[in-house]
Amino acid sequence: MADLTVEMAGIRSPNPFWLASAPPTNTGFQVERAFEAGWGGAVWKTLTDRPVRNVSSRFGSLHLADKRMVGFNNIELISDRPFEDNLAEIRQVKRRFPDRAVVASLMIEPDKKQWQEAVRKVEDAGVDGIELNFGCPHGMVERGMGAAVGQHPDLIERQTSWVKSAATVPVIAKLTPNVTDIRASARAAVAGGADAISLINTINSIIGVDLKACVPRPTVAGLGTHGGYCGPAVKPIALYMVAECAKDDTVGVPISGIGGIATWQDAVEFLLLGAWAVQVCTAVMQHGFRIIEDLVDGLNRFLDDNGIGGVRDIVGKALPNYVPFGSLDLDHRVVAAIDADRCIGCYKCYIACLDAAHQAIAPGDAEARVPSVLVDECVGCNLCEAVCPVACIEMVPMAELAGAHPLTSVSAHP
Amino acid sequence: MMGAEAVQGPWSSTISDVEAMAEAARCLFCEDPPCVRACPTGIDIPLFIRKIASGNRVGAAKTIFDANPLGSSCARVCPTDELCEGACVWGKSSRPVEIGRLQQYATDAVLERGVALYDPPSQPIPYRFAIIGAGPAGLAAARELALAGAQVTVYEREQSPGGLNTYGIPPFRLSEGVAVAEAEMILSLGVRFERGVDVGMHVRPEQLVDSCDGVLLACGLGAGKRLGIEGEELDGVMDAITFLRMAKEGRARAGREVVVIGAGNTAMDAATTARRLGAERVTIVYRRSEKEMTAYRFEYAFAKSEGVQFRWKLMPVRFVGEGAVQEVRCRQTELDPSGAWRLAEREERLSADQVIVAIGQARRWDLLDAFQVPHRDGAVTVDEQGRTRRPKVYAAGDCVWSGKGAEATVVVAVEQGKRAALAMLKDARSRRVEHGLATEGSAWPT
């Protein structure tokens with residue numbers, strides 16, 4: 001059993017899986033259910049001293065064929081429940097689950113006194129840390145909060161320092177991806193004294209348009225607005241931003257990785273690119289809290305299978321291999337190799353290469369329908385591998401071509 | 001399920017929206033798709049499935065009907081294991097996409113809602129065609145000719161269109177309602193439908209040939225063949241075509257112990273229909289062995305799953321009973337050293353209160369001779385496009401089936417009807433041009 005415990009900027013949790021500040025952490029009831037299921041921590045749905053009103057409906061979903069919620073967006077705001085109710089529930093949860101990380105997410109009007117007052121209240125309730133919501137791209141922005149702060153490094157720095165001067169627990173600044181260079185936001189948070197950063201918050205988006213009503217979704221009384229985009233489809237953007245911050249020496253604080261994490265593999269990817277722990281939301285909104293069992297089990301087996309002692313041993317392990325484009329070897333070449341035994345003859349690779357790549361796959365015999373790669377034409381772009389529905393195409397370095405793979409699968413130019 | 005309601009097929013699609021979307025998502029949209037190659041009518045299957053997946057169900061139906069005017073019937077009765085689904089690339093590492101059920105899902109949307117997929121042709125063309133028989137081949141040809149703008153008359157001996165789809169296929173596989181609705185969709189394109197008209201009796205063949213630019217024989221086959229053995233006139237003995245027709249019309253009754261003679265697809269249909277009508281025991285009796293049986297494997301499997309029993313190497317020689325049949329007397333058969341089947345000595349008696357003879361159908365010699373078209377043993381001699389040896393006379397469907405080569409399926413009949421229609425249009429045009437008569441616009445097949 002690998003050591004799954006995490007200590008990030010002084011906040012400890014029994015595993016690296018926290019619930020992100022979002023609908024699943026709206027109440028003590030939900031957070032207790034999550035902790036019963038095995039979640040390592042929870043960032044409470046963002047609190048504010050003056051609760052907001054939310055709209056109906058609130059969520060929009062991107063479905064692909066029969067895959068639901070590949071992407072997800074919301075126009076829900078922060079907590080619409082009384083501050084005091086939340087504080088009482090935090091106190092109770094912390095009493096029942098002292099080993100779990102309970103972090104209060106805060107979003108307060110741009111006023112030092114109000115921020116510091118809120119910090120004192122949540123600390124009094126027993127939180128292990130405070131996360132500053134500088135991210136939400138909708139609703140609160142118009143009131144000078146959320147991404148309105150996160151898009152201005154000077155505001156990030158100022159408000160972070162307000163909190164830091166009052167807080168005794170670690171402070172995490174949560175960053176919005178709706179900026180041109182995430183490192184500027186991260187550096188500002190650190191300059192303001194943040195003990196850690198978390199990213200990414202949601203991406204500004206219109207999830208779709210209702211074709212009948214002619215209104216962007218989700219629709220509220222015949223009108224729609226832009227909202228925050230999340231779910232599996234945003235993971236690549238989140239990975240990039242996490243890696244950028246993790247690689248930047250002037251940032252230099254622990255990172256809580258967020259964005260499209262649905263499986264333990266996703267989590268490992270974030271850890272390898274420099275996250276110390278991760279936060280999950282959309283996958284729970286789709287499947288419920290019990291996905292934690294596979295997240296923990298899968299991560300544990302991965303570590304054990306690879307002889308790795310603990311989570312902290314893989315943090316940032318892939319960063320040395322993440323380099324600027326200019327550092328890539330232009331002389332390196334891979335080519336596609338098709339495993340004829342597993343090929344089912346759909347010709348997806350053939351047509352993709354013909355119409356959209358380099359005309360480097362020949363259809364082969366019309367009856368057998370096993371395409372073959374024209375090695376001289378193949379640039380190793382990976383498109384065929386991507387479209388193959390049975391994963392029978394492998395990209396093989398030219399140097400290994402003759403040895404490791406049967407030459408029958410890669411034919412010469414006819 | 002037993003009794004009358006068990007033999008009535010579902011009108012509505014048996015696949016839900018959710019299931020259809022999930023199944024449609026499995027289609028890989030292959031390049032040069034093997035399923036299309038395997039379809040006798042060449043339906044663009046990946047395209048119609050993609051349309052289902054995008055929520056364009058009517059568009060999917062249009063793609064199907066464009067290639068196959070009887071796409072809804074075919075969705076239900078095609079031997080898909082042998083055709084499209086048998087060719088699906090997923091079959092190699094998973095299970096094939098359920099193309100037949102998706103096709104049913106798409107086409108039902110149009111039939112149920114009565115969506116008009118085709119506008120009446122805006123430009124009529126000055127040709128008149130006659131089609132004899134409103135079965136799959138005749139209807140397919142009528143659709144193509146009508147869409148081209150020609151004047152088409154279909155002559156049908158029966159009251160309803162559809163041919164075997166309406167009168168011969170067991171109702172639990174294809175309901176009369178679906179068959180007729182689909183036929184009416186075609187007839188509504190301006191086709192004149194002469195029901196209850198027997199060409200040869202009510203209309204003179206020569207008159208049709210003279211007055212039309214082309215005549216299509218799509219008359220199918222005749223009555224069920226008889227064994228010609230003693231006792232065949234007893235009550236309770238009937239041919240499978242008659243039995244299935246009565247089942248389709250809701251007036252068939254099954255005996256307690258039924259013997260079905262023959263082991264082709266029609267025998268399987270009759271046997272399973274008898275079971276569903278409540279027969280306690282249905283036994284298929286075949287004079288050769290399991291190996292020589294002509295039924296599709298899936299038909300055989302279905303019959304077994306319905307509880308039909310099989311007796312191989314038995315030849316009925318006499319039906320016995322007082323007024324009504326009570327017993328089938330059979331002789332065992334065996335292979336002689338030269339490899340031919342011959343009667344063996346041993347006799348067997350099977351008790352039966354109903355006997356259904358399913359040993360094939362007679363040919364329409366009468367009609368073929370009346371049209372003076374050359375044929376071989378009742379199968380009209382035609383070229384690839386359905387041209388008989390006689391100018392202006394064409395043939396398609398079961399009446400050209402020689403018992404060899406392509407199976408006598410609905411889908412093959414449809415394709416033959418389509419091809420014959422194209423040949424009829426092309427030939428009619430050539431004749432007009434030869435005679436220096438008016439030429440027409442560009443809507444012509446070349």
Side-chain angles (χ1 to χ4, degrees), chain A residues 61-70 208-213 217 232 286 336 338-374 383-394 409, chain B residues 13 15-39 42-60 81-99 101-102 105-106 109 113:
Chain A
S61 181
L62 178 72
H63 310 305
L64 290 185
D66 62 339
K67 295 275 180 295
R68 313 291 293 182
M69 288 174 68
V70 172
V209 179
D210 183 323
L211 298 187
K212 270 189 197 144
R217 293 189 288 117
Q286 187 173 14
I338 300 170
D339 182 342
D341 289 339
R342 285 188 293 140
C343 173
I344 59 173
C346 67
Y347 278 173
K348 298 293 288 183
C349 59
Y350 161 66
I351 196 64
C353 191
L354 185 73
D355 285 358
H358 296 268
Q359 301 80 47
I361 295 180
D365 175 69
E367 286 307 307
R369 291 179 69 92
V370 178
S372 55
V373 176
L374 311 177
L383 179 60
C384 56
E385 185 215 19
V387 300
C388 178
V390 293
C392 77
I393 300 179
E394 195 183 343
S409 64
Chain B
S13 190
I15 180 167
S16 69
D17 289 345
V18 170
E19 198 185 354
M21 294 307 255
E23 192 60 16
R26 294 185 63 236
C27 175
L28 294 171
F29 204 69
C30 292
E31 176 64 16
D32 185 12
C35 54
V36 177
R37 288 190 186 203
C39 174
I43 295 172
D44 191 337
I45 293 162
L47 181 61
F48 94 67
I49 295 179
R50 193 169 175 79
K51 288 183 175 185
I52 290 176
S54 81
N56 182 7
R57 198 170 160 194
V58 172
D81 287 357
E82 315 277 333
L83 301 173
C84 52
E85 291 176 19
C88 176
V89 299
W90 267 137
K92 198 174 162 191
S93 71
S94 172
R95 60 180 176 85
V97 173
E98 292 187 63
I99 299 167
R101 291 179 76 211
L102 288 174
Y105 175 79
R113 301 176 204 163

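These values consider heavy atoms only, across backbone and side chains, with no hydrogens, waters or symmetry-generated copies. The sequence lines fix the lettering, A, B, ..., with proteins before strands; numbering per chain opens at 1. Computed from a predicted model, the values in this text were never measured in an experiment.
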**OP:** Would you indicate whether the side-chain heavy atoms of B:W90 and A:V390 approach each other to under 4.5 Å?
**Re:**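 Answer yes - side chains close enough.
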Subject >> Residue pair B:V89 / A:I344: nearest heavy atoms and the distance that separates them >> reply: CB-O, 3.1 Å
Subject >> Over 12 non-hydrogen atoms of neighbours within 6.0 angstrom of CZ in A:R342 >> reply: yes
Subject >> N/O donor-acceptor pair under 3.5 Å between A:R369 side chain and B:D32 backbone >> reply: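 Looks like yes, one N/O pair under 3.5 Å.
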Subject >> Under 3.5 Å donor-acceptor, B:K92 side chain and A:G345 backbone >> reply: no
**OP:** Would you give the length of the straight line joining atom CD of B:E31 to atom CG of A:D355, rounded to the nearest 0.5 angstrom?
**Re:** 7.0 Å
**OP:** To the nearest 0.5 angstrom, please state how far the OG atom of B:S93 sits from the CG atom of A:D341.
**Re:** 12.5 Å
Original post:
Do you know which of A:C346, A:P363, A:A65 has the most heavy-atom pairs under 4.5 Å to chain B?
Top reply: A:C346
Subject >> Part of A:A352 lying under 4.5 Å from any heavy atom of chain B >> reply: neither
**OP:** Sort out for me which of B:P34, B:A22, B:A25, B:A53 touches chain A most, counting heavy-atom pairs under 4.5 Å.
**Re:**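 Top count of heavy-atom pairs under 4.5 Å with chain A: B:P34.
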Original post:
Considering only heavy atoms, which portion of B:R37 lies under 4.5 Å from any heavy atom of chain A: side chain, backbone, both, or neither?
Top reply: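 When you check distances to chain A, only side chain atoms of B:R37 fall under 4.5 Å.
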